[in-house]
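Take a look at the structure set out below.
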Amino acid sequence: MTTSTTGTDTLTRDALTVLQPGFTGTTAPDWVLRRLGEGLASVGLFGRNVASPGQLAALTGQLRAERPDVLVAVDEEGGDVTRLEVRTGSSFPGNHALGTVDDTDLTRAVAAELGRRLADCGVNLNWAPSADVNSDPANPVIGVRSFGADPGLVARHTAAYVAGLQSAGVAACTKHFPGHGDTAVDSHLALPRIDADAAVLTARELAPFRAAVATGSRAVMSAHILVPALDPDRPATLSRRILTELLRGELGYDGLIVTDGMEMRAIAGSYGIEHGSVLALAAGADAICVGGGLAGEETVRRLCDALVGAVRSGELPEERLADAAERVRALARWAAPAGRSRAPAVAPDPRIGLAAARRAVTVTRTGPAAPVTAPVYVATFSPEANIAVGDETPWGVGAELERLLPGTTTGSFSGPDAGARALEAAAGRRVVAVVRDEHRHPWMRTALDLLLAAGPDTVVVEMGVPQSAPRGAPHVATHGAARVCGTAAAEAVVAG
């Protein structure tokens with residue numbers, strides 16, 4: 001132990017306690033270790049902090065040497081959004097694949113295995129699962145991160161995921177309350193708005209969160225969205241009506257409320273991170289997530305000063321800050337290795353992710369075509385990745401098809417002339433065209449039109465939400481772009 005708590009007043013300690021900041025690097029900076037001694041109770045890790053399971057375990061060990069009960073959070077949804085395997089792709093399919101299989105025992109088992117791996121690395125809070133009902137097919141930020149478009153299906157799989165994750169001793173953080181599925185705007189970039197009436201919201205958006213609360217989700221993450229039927233003035237993260245009256249009151253939730261990243265433009269662009277954080281605490285949030293884009297001690301200092309200043313000016317009641325800090329400490333006690341009776345050990349099942357991905361694959365044959373037995377040309381049509389997914393993580397079927405069909409070559413294309421360039425690169429070879437959310441990208445649809453007109457035996461692999469009508473010989477839908485989904489897709493292509 002190298003830090004000291006001496007000299008830090010209660011108000012400042014509480015302000016530090018409610019922050020969940022990020023940092024850069026694969027070891028803990030000195031400022032993080034010092035702040036843990038001054039009251040900081042949580043940190044958030046991102047892909048930039050993870051090089052290997054061993055390195056991550058060493059990092060979390062560093063943090064716990066300073067504060068044994070520290071909450072170490074990560075955004076590890078599996079599927080398209082992975083931090084543990086950011087450079088290789090995930091060993092687990094994401095929510096949409098699990099919802100497609102619709103086996104809650106499988107979802108629970110996948111979440112338990114993911115939780116076991118997180119716990120082995122010293123992570124005890126996962127900003128997952130996404131409980132959003134993907135009711136808008138054009139949603140640019142949820143998509144395959146959702147279990148599906150049916151509220152009942154999403155509710156039962158959200159509950160199964162929470163139960164599985166927490167059986168491994170990792171706290172679930174169900175998101176994005178009150179539901180980010182019916183949006184056509186990414187809250188990383190602007191403020192989305194949902195104009196559904198209260199009855200629709202209750203039956204659709206809130207159903208999965210009721211299930212999560214009933215299952216005992218230890219944390220819930222708020223969404224940066226405006227829902228006029230619930231609060232016409234403030235986005236959910238800053239809304240007392242939504243966080244306190246609805247989530248705490250009507251839904252009876254008593255766990256930790258965490259904000260989505262406060263540097264996201266939906267909040268930072270209108271309120272600023274300091275004032276936004278004060279408003280979020282006043283509305284009923286307990287923990288301020290920041291650090292995906294703003295990572296450093298200066299951000300912690302600014303937010304701590306803003307919260308302390310707001311209490312002293314009367315804008316933020318001191319008892320509200322104290323209550324929020326105590327909720328953070330309560331979760332830290334639950335999640336600390338020595339702080340509670342551990343759940344029964346989760347039996348390792350290292351291949352469950354691939355088994356689940358295989359079950360999620362759907363193959364549609366739209367016409368006769370010869371089996372794929374010779375080397376092919378894999379043309380991957382890459383849309384711009386949203387910020388939640390990031391652009392570091394590889395995806396597709398090329399590497400696996402190269403292994404299964406030696407001599408296979410690959411290329412990646414985007415833009416209006418993508419199809420023509422892919423056709424030229426293929427040079428007469430049979431094409432496997434890999435797309436992601438074809439229905440949201442007109443240029444992608446045009447590229448497929450060209451390839452299928454030139455080669456009716458072109459195989460199409462859809463690794464996003466399969467909204468477009470199946471076409472290709474055959475059409476393979478994976479319902480996600482995790483590494484194991486790519487493996488399962490390649491196997492399906494070769495199997496014919």
Side-chain angles (χ1 to χ4, degrees), residues 77-82 85 88-103 106-107 110 114 130 134 137 139 142-149 153 157 351-366 372 376 378-383 385-386 388-389 393-405 408 410 412 431-441 444-445 447-448 451 458-496:
E77 299 176 16
D80 291 29
V81 179
T82 179
E85 300 179 279
T88 61
S90 181
S91 301
F92 301 92
N95 286 3
H96 194 53
L98 295 172
T100 297
V101 177
D102 195 13
D103 178 345
L106 178 67
T107 295
V110 167
L114 178 58
S130 169
N134 197 54
N139 195 308
I142 302 300
V144 294
R145 300 168 67 198
S146 167
F147 289 110
L153 180 146
H157 285 277
R351 293 187 61 81
I352 192 169
L354 179 56
R358 286 169 172 159
R359 289 180 63 184
V361 167
T362 303
V363 179
T364 304
R365 291 174 176 82
T366 59
V372 179
V376 294
V378 181
T380 301
F381 296 104
S382 301
N386 68 58
V389 173
T393 306
W395 66 283
V397 302
E400 189 65 12
L401 281 176
E402 286 179 26
R403 185 184 72 81
L404 294 174
L405 299 171
T408 289
T410 65
S412 183
V431 174
V432 175
V434 186
V435 296
R436 200 168 177 174
D437 292 341
E438 179 201 344
H439 66 285
R440 293 200 303 111
H441 303 286
M444 202 178 287
R445 184 162 53 250
L448 283 189
L451 288 178
T458 295
V459 178
V460 177
V461 179
E462 169 62 85
M463 302 193 77
V465 179
Q467 285 287 319
S468 296
R471 51 191 180 141
H475 180 278
V476 179
T478 62
H479 306 92
R483 173 169 49 84
V484 286
C485 295
T487 298
E491 292 172 348
V493 168
V494 172

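Since the structure is predicted, the reported quantities are computational estimates derived from the model, not experimental observations.
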How about [X] and [Y]: do any of their side-chain heavy atoms sit closer than 4.5 Å?
X    : Y    : value
T478 : V461 : yes
L451 : F381 : yes
L98  : F92  : no
T82  : T393 : yes
H96  : D80  : no
N95  : R145 : no

Roughly how far apart are [X] [atom1] and [Y] [atom2], rounded to 0.5 Å?
X    : Y    : atom1 : atom2 : result
H479 : R359 : NE2   : CZ    : 13.5 Å
L448 : H441 : CG    : NE2   : 12.0 Å
E491 : L354 : CD    : CG    : 6.0 Å

Closest non-hydrogen atom pair, V110 against A356: CG2-CB, 4.0 Å
Pair S382, R436: side-chain N/O donor-acceptor within cut-off below 3.5 Å: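 Per modelled atom types, S382 and R436 side chains form no pair under 3.5 Å.
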For residues E77 and S130, is any side-chain donor paired with an opposing acceptor at under 3.5 Å? no
When you measure from the side chain of H439 to the backbone N and O of P137, does any donor-acceptor pair fall under 3.5 Å? yes
